[in-house]
Amino acid sequence: MDMIFGRNKEEHPEPIKAEVQGEVPTWLQGILLRNGPGMHTIGDTTYNHWFDGLALLHSFTFKNGEVYYRSKYLQSDTYNCNIEANRIVVSEFGTMAYPDPCKNIFSKAFSYLSHTIPEFTDNCLINIMKTGDDFYATSETNFIRKINPQTLETLEKVDYSKYVAVNVATSHPHYDSAGNVLNMGTSIVDKGRTKYIMFKIPPSVPEKEKKKSCFKHLEVVCSIPSRSLLHPSYYHSFGITENYIIFVEQPFKLDIVKMATAYIRGVNWASCLSYHKEDKTWFHFVDKKTKKEVSTKFYSDAMVFFHHINAYEEDGHIIFDLIAYTDNSLYEMFYLKKLTEVFEENKLTSMPTCKRFVVPLQYNKDAEVGSNLVTLPSTATAVKEKDGSIYCQPEILCEGIELPRINYDYNGKTYKYVFATEVQWSPVPTKIVKLNTQTKEMLHWGENHCWPSEPIFVPSPDAREEDDGVVLTCVVVSDPKKAPFLLVLDAKTFRELGRAIIDVEMHLDLHGMFIPQKDLKTETECLPALYAITTLLRYFSLFCIPTLTVSLLLTVFYR
């Protein structure tokens with residue numbers, strides 16, 4: 001496991017041509033962009049948790065059957081501060097950073113006070129988000145970082161809280177047919193209330209405001225009050241259908257008072273999360289048109305979950321699928337001390353379970369108490385309670401999968417296939433799977449000593465069926481005699497088409513996206529300008545031109 005988790009990974013900013021075995025479809029043109037933690041040790045300090053590591057972006061560029069690899073650390077403020085200090089000086093969720101012990105007592109006192117209201121990191125290591133023509137590295141704080149997907153250069157930092165009153169936001173947004181980004185975040189004790197805010201970012205701005213950011217036109221869709229002022233729910237994703245936004249308020253909660261005092265008490269922010277297994281899980285459905293929540297109270301048993309899969313509407317019901325646990329052991333398993341234990345001893349105490357909830361929004365109001373209101377053919381139930389609330393029990397689709405992805409053309413619609421990693425009592429994926437949600441049949445791919453990442457589905461240009469296309473996944477190899485590779489599977493048959501072998505030490509990542517060539521600036525638009533800027537910078541450096549001039553040139557180029 002040390003080869004996968006314990007080492008700092010080198011970056012490779014210049015493209016490396018991969019050795020292709022088999023065949024990569026020539027129609028596959030674009031960039032697979034991935035994000036995840038790559039550096040866990042700075043100087044003599046080490047992060048506690050794998051999710052805390054400094055973000056390392058990596059990409060696979062596809063050109064006419066050839067594949068090129070590159071990687072680069074996200075040049076966040078967090079990264080720069082840590083590298084300059086040669087120690088961890090910015091706190092992450094599982095690692096609290098403290099003042100230099102050589103600082104005087106006044107500096108230490110100021111640090112304690114400034115941490116009372118946490119200033120979160122911009123180490124955006126979880127996912128990639130598209131907004132208009134731009135791409136951003138994201139995490140779960142209020143910061144995102146714009147990046148160049150072709151060069152992996154880090155550009156400007158965006159603070160959500162300047163445009164909407166949120167302290168944290170999800171790293172799994174949704175996209176509608178108009179190109180808007182839909183996301184949500186938590187507003188903590190704002191004006192005496194804690195609430196969950198849904199917001200929309202447009203893909204472009206009016207012509208007369210071309211110099212302004214899309215974020216300045218961000219629109220709040222709605223807000224949902226937290227059931228507890230000081231204990232809001234943690235969430236990693238949410239769901240949408242054609243007409244509704246789905247938010248699941250789970251009893252995996254953040255204690256705001258503990259969080260505000262974590263620095264003084266000498267604990268990390270992760271310790272402020274706790275699972276309340278005696279509580280309920282509440283389902284919220286917001287009508288996109290009216291921007292109001294459905295008044296009926298729907299709930300289920302306590303559970304912990306991170307990933308929605310998909311949702312859709314059918315005959316007055318909302319069907320939504322997610323992957324749930326009976327406890328919060330998944331996060332605990334990724335502490336680096338746990339990951340360095342004997343592999344067989346680091347086991348989950350709860351198997352991830354793919355659950356399908358069927359929720360009747362339209363039902364007979366005169367139905368008897370105790371009756372099942374689900375009228376679709378499913379083993380999922382929704383039982384009317386005495387107080388008018390509806391208790392929902394899911395249908396189990398399968399067990400042992402995580403990091404689910406779908407053909408996003410079917411997002412919010414009736415669908416059939418889920419592509420995911422297989423997890424068998426360990427937090428580390430061992431296989432790639434394809435689940436048919438209608439028949440519950442599964443296809444698998446796996447090899448010894450191979451640890452695949454989240455699978456990404458890419459539809460073929462002439463796709464007629466939901467699974468017409470390929471599945472891409474990065475595979476880290478723990479056998480020192482073998483090199484890591486990008487795997488290309490036929491999405492329909494799950495037969496291997498080819499692999500692109502990279503002779504570098506690749507890191508296990510979290511999430512990412514495939515960017516089609518049509519969504520990228522062409523080389524003729526981008527590269528000459530980049531070469532021109534590079535030449536000018538070299539020329540200026542010979543004559544010691546001030547840094548300010550260089551900064552202005554870079555600003556002009558990236559705009």
Strictly distance-based, threshold 3.5 Å: is any side-chain N or O of [X] a donor or acceptor partner for the main-chain N or O of [Y]?
X	Y	answer
R145	L74	no
S187	V166	no
N183	F199	no
S237	F306	yes

Could you list the residues that satisfy side-chain contact (heavy atoms from CB on, under 4.5 Å) with I406, not counting sequence neighbours?
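Expected list: I309, N310, N411, Y415.
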
Partners meeting side-chain contact (heavy atoms from CB on, under 4.5 Å) with A324 (sequence neighbours left out)
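M303, F305, L322, K355.
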
Answer yes if the side chains of [X] and [Y] hold a donor-acceptor pair under 3.5 Å, and no otherwise.
X	Y	value
E441	T439	yes
Q75	Y73	no
Y235	H308	no
E293	Y244	no
Q250	S233	no
E140	Y234	yes
S76	N123	no
E313	T241	yes

Check step by step if salt bridge (charged side-chain N to carboxylate O under 4.0 Å, His left out) holds for K434 and D467.
CA-CA 10 Å; K434 175 187 179 182; D467 57 350; 2.7 Å; yes

Is the closest basic N to carboxylate O distance between [X] and [Y] below 4.0 Å?
X	Y	answer
K200	D176	no
K9	D509	no
K482	E447	no
E219	K291	yes
E14	R70	no
E454	R34	yes

Using the ring of [Y] (Phe, Tyr or Trp, six-membered ring only), decide whether [X] places NZ or CZ under 6.0 Å from its centre and within 45 degrees of its axis.
X	Y	result
K216	Y163	no
R499	F485	yes
K157	F143	yes

Under 3.5 Å, which donor-acceptor pairs link side chains of residues 125-132 to any protein atom two or more places apart or in another chain?
from: N127; atom 1: OD1; to: G512; atom 2: N; distance (Å): 3.4
from: N127; atom 1: ND2; to: S171; atom 2: O; distance (Å): 2.8
from: K130; atom 1: NZ; to: G132; atom 2: O; distance (Å): 2.4

Heavy-atom nearest pair, L57 first then A137, reads CD2-CB, 4.5 Å

Looking at every heavy atom in both E395 and S378, which two are closest together, and how far apart are they?
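So the two residues come closest at OE1-OG, 2.8 Å.
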
Could you tell me how the ring of [X] sits relative to the ring of [Y]: parallel (under 30°), tilted (30 to 60°) or perpendicular (over 60°)?
X	Y	answer
F247	Y196	tilted
F419	F457	parallel
H511	H307	perpendicular

Applying the side-chain contact (heavy atoms from CB on, under 4.5 Å) test to L28, which of V67, V458, L497 qualifies?
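Only match with L28 under side-chain contact (heavy atoms from CB on, under 4.5 Å): V458.
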
When Y69 is tested against each of I502, L32, T61, D503 for side-chain contact (heavy atoms from CB on, under 4.5 Å), which residue passes?
I502

If we check ring pair (Phe, Tyr, Trp, His ring centres under 6.0 Å) with F357, which of these qualifies: F320, F285, Y312?
F320

Report, as yes or no, whether the 6.0 Å neighbourhood of atom CD on E23 holds more than 12 heavy atoms from other residues, nucleotides or ligands.
no

Look up atom CG in N436 and atom CD in E466, then write down how far apart they are to the nearest 0.5 Å.
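Separation between the atoms: 8.5 Å.
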
Can you tell if the side chain of W451 reaches within under 4.5 Å of the side chain of S478, non-hydrogen atoms only?
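When only atoms from C-beta onward are counted, S478 and W451 do touch, with a gap below 4.5 Å.
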
